[in-house]
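A note on names: the letters A, B, ... follow the listed sequences, proteins ahead of strands, and every chain is numbered from 1. None of the values given here were measured: they were computed from a predicted structure. The basis for the numbers below is simple: all heavy atoms, side chains too, and nothing from hydrogens, waters or symmetry mates.
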Amino acid sequence: MKSDRVIDARESFCPGPLMELIKAIREENVGSVIEVWSSDEGSARDIPEWVKKAGHELVGVFKESDYWRIVVKKKR
Amino acid sequence: MKKVVILGGGVAGTVTANNLATKMADEVRNGEVDITLITDNPYHIYEPGYLYFIFNRLREDELKRNLEELLDANVRLAIDRAVKIDTENQRVECESKSYDYDYLVIATGSRITPEEVPGLKEAGNWFYDLQGSMRLRSALTRFRGGKIVISVIGIPHKCPVAPIELTFILHDFLKKRGLREKSEIVYTYPANKIFIMEPVVEMIQPMFDERGIEYRTFFNPMEIDAKEKKIITLEGEEESFDLLIAIPPHKGAEVVIDSGLGDKGGWIPTDRYTLKVEGYENIYALGDATNIPVSKAGSVAHFQAEVVAENLVADLSGIEPTAAYNGKTFCFIETGWEEATYIRFDYSTPPKPVVPNKLLHFLKVAYNKAYWLTARGLL
Ligand SMILES: Cc1cc2nc3c(=O)[nH]c(=O)nc-3n(C[C@H](O)[C@H](O)[C@H](O)COP(=O)(O)OP(=O)(O)OC[C@H]3O[C@@H](n4cnc5c(N)ncnc54)[C@H](O)[C@@H]3O)c2cc1C
């Protein structure tokens with residue numbers, strides 16, 4: 001799946017990556033796929049939890065060498 | 001002659017200027033070094049005072065001082081608004097004139113942007129500037145019971161613990177006025193816990209529970225329905241209120257954004273140890289203005305100012321600067337009308353709050369007065 005937007009939040013600490021995703025969700029259209037890169041483990045855990053609560057789709061969490069790629073589809 | 005320009009007359013700019021002027025007193029007198037502080041406000045504001053001002057515990061004149069009175073006589077003060085930082089020509093362009101620099105210190109702080117949330121300006125209150133604090137003070141005076149929602153909208157914001165402090169003080173304020181029974185207090189936070197630091201959550205959350213203060217997490221207001229008096233969140237929830245006390249979103253200064261020096265939020269990418277702006281050997285940034293992952297707090301601005309001043313002295317003396325900021329942060333946390341705790345931490349040491357007590361509250365009250373000495377560099 002190709003992402004419509006990639007947010008590189010690897011320098012940022014919890015809850016920075018989540019805040020960046022939230023901003024992107026606000027701006028993108030329903031159906032868009034947004035990918036957040038985070039080197040912060042807490043964020044890699046929290047973001048999927050938020051995605052579930054907010055009613056979006058978690059496409060997947062992928063572990064790269066020293067960061068996580070969290071892929072989300074905006075559903076509403 | 002080497003010219004140092006310090007942009008911003010808040011904690012960060014003022015303390016840097018005073019420290020530098022003290023250390024370089026001879027060089028300034030000999031005309032080898034010139035220190036100019038540019039700021040757009042002739043007053044220096046003690047922002048932590050807003051938390052007391054809204055409950056009628058401090059007056060307006062206790063929150064501000066003429067900057068002229070706070071600055072060392074060796075600092076040239078220019079009241080002007082910077083519109084562009086031209087790094088190529090080493091110049092700060094202001095509304096009335098331009099200032100050349102050899103070394104620049106950016107201390108432009110942060111600002112609130114309530115306009116980013118539809119309905120917030122109409123239906124919300126805040127204590128993050130003087131006007132908002134005046135409005136909130138009168139709303140609190142008139143409050144006779146109902147539901148108060150304290151909502152943190154967006155992170156980062158100044159003084160991460162201020163919303164928690166407000167919540168505790170408000171609880172006691174309502175109790176004192178016989179209104180607590182007739183009131184509901186709800187605190188909301190964007191992340192999945194009530195604060196970003198686990199040790200603080202561990203202490204604060206049971207205290208919220210004991211006091212019957214409710215909380216919501218993963219709560220991100222998207223808009224405020226000013227007519228129906230309710231918050232609508234990105235998560236699809238709604239929360240009604242009689243009185244909304246919001247912590248509005250924050251951004252870096254306009255001049256930083258307009259000069260292409262900020263990231264998406266207008267925060268300046270800065271080395272967390274040297275405090276040099278990334279990509280520049282002769283520009284430092286500190287205080288609320290940077291993207292460094294530490295609290296946007298006056299204490300941080302103060303500790304960083306000492307580092308920047310020391311490094312500037314080295315720069316101006318032709319020596320390699322070696323002073324480094326280690327993430328040191330200190331915050332009092334008021335946990336009621338007359339009790340407080342504090343947290344202290346740095347890049348490698350997490351905070352360990354102590355049991356709240358009266359003494360710490362009175363230390364904070366004393367600090368509210370002693371602040372003016374620390375700004376002058378006397379304490
Ligand atoms: C309600 C509240 C409670 C707080 N409580 C605490 C606390 O208990 N403890 C604590 O440590 N911190 C606290 N803080 C945070 C603290 O006040 C800030 O972190 C601190 O003021 C940051 O200092 P600064 O110098 O970086 O920025 P500021 O103080 O915001 O100063 C920025 C300066 O830059 C100037 N400026 C901006 N743009 C321009 C321009 N274009 N041209 C010229 N000048 C410009 C402004 O006029 C201002 O003088 C609190 C803040 C608030 C709002």
[X] versus [Y], closest heavy-atom pair with distance:
X	Y	answer
B:Phe218	A:Leu18	CE2-CD2, 3.7 Å
B:Lys264	A:Ile7	NZ-CG2, 4.3 Å
B:Pro190	A:Met19	CB-CE, 3.3 Å

[X], [atom1] atom: more than 12 neighbouring heavy atoms under 6.0 Å:
X	atom1	result
B:Tyr342	OH	no
A:Arg26	CZ	yes
A:Lys63	NZ	yes
B:Glu115	CD	yes
B:Glu223	CD	yes

Checklist entry - When rounded to the nearest 0.5 angstrom, what distance separates NZ in A:Lys52 from CD in B:Glu235? => result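 The CD atom of B:Glu235 is 14.0 Å from NZ of A:Lys52, to the nearest 0.5 Å.
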
Item to check | Stepwise salt bridge (charged side-chain N to carboxylate O under 4.0 Å, His left out) test for A:Lys53 and B:Glu237 | outcome: CA-CA 10 Å; A:Lys53 172 168 179 192; B:Glu237 291 170 320; 3.2 Å; yes

Checklist entry - Contact part of B:Thr233 toward chain A, heavy-atom cut-off under 4.5 Å: side chain, backbone, both or neither? => result neither

Item to check | chain A contact via B:Leu234 - which portion, at a heavy-atom distance below 4.5 Å | outcome: both

Item to check | Which portion of A:Ile22 sits near chain B, non-hydrogen atoms under 4.5 angstrom | outcome: both

Checklist entry - If you tally heavy-atom pairs under 4.5 Å against chain A, which of B:Ala191, B:Pro156, B:Gly265, B:Gly236 wins? => result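 When all of B:Ala191, B:Pro156, B:Gly265, B:Gly236 are compared, B:Gly236 has the most.
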
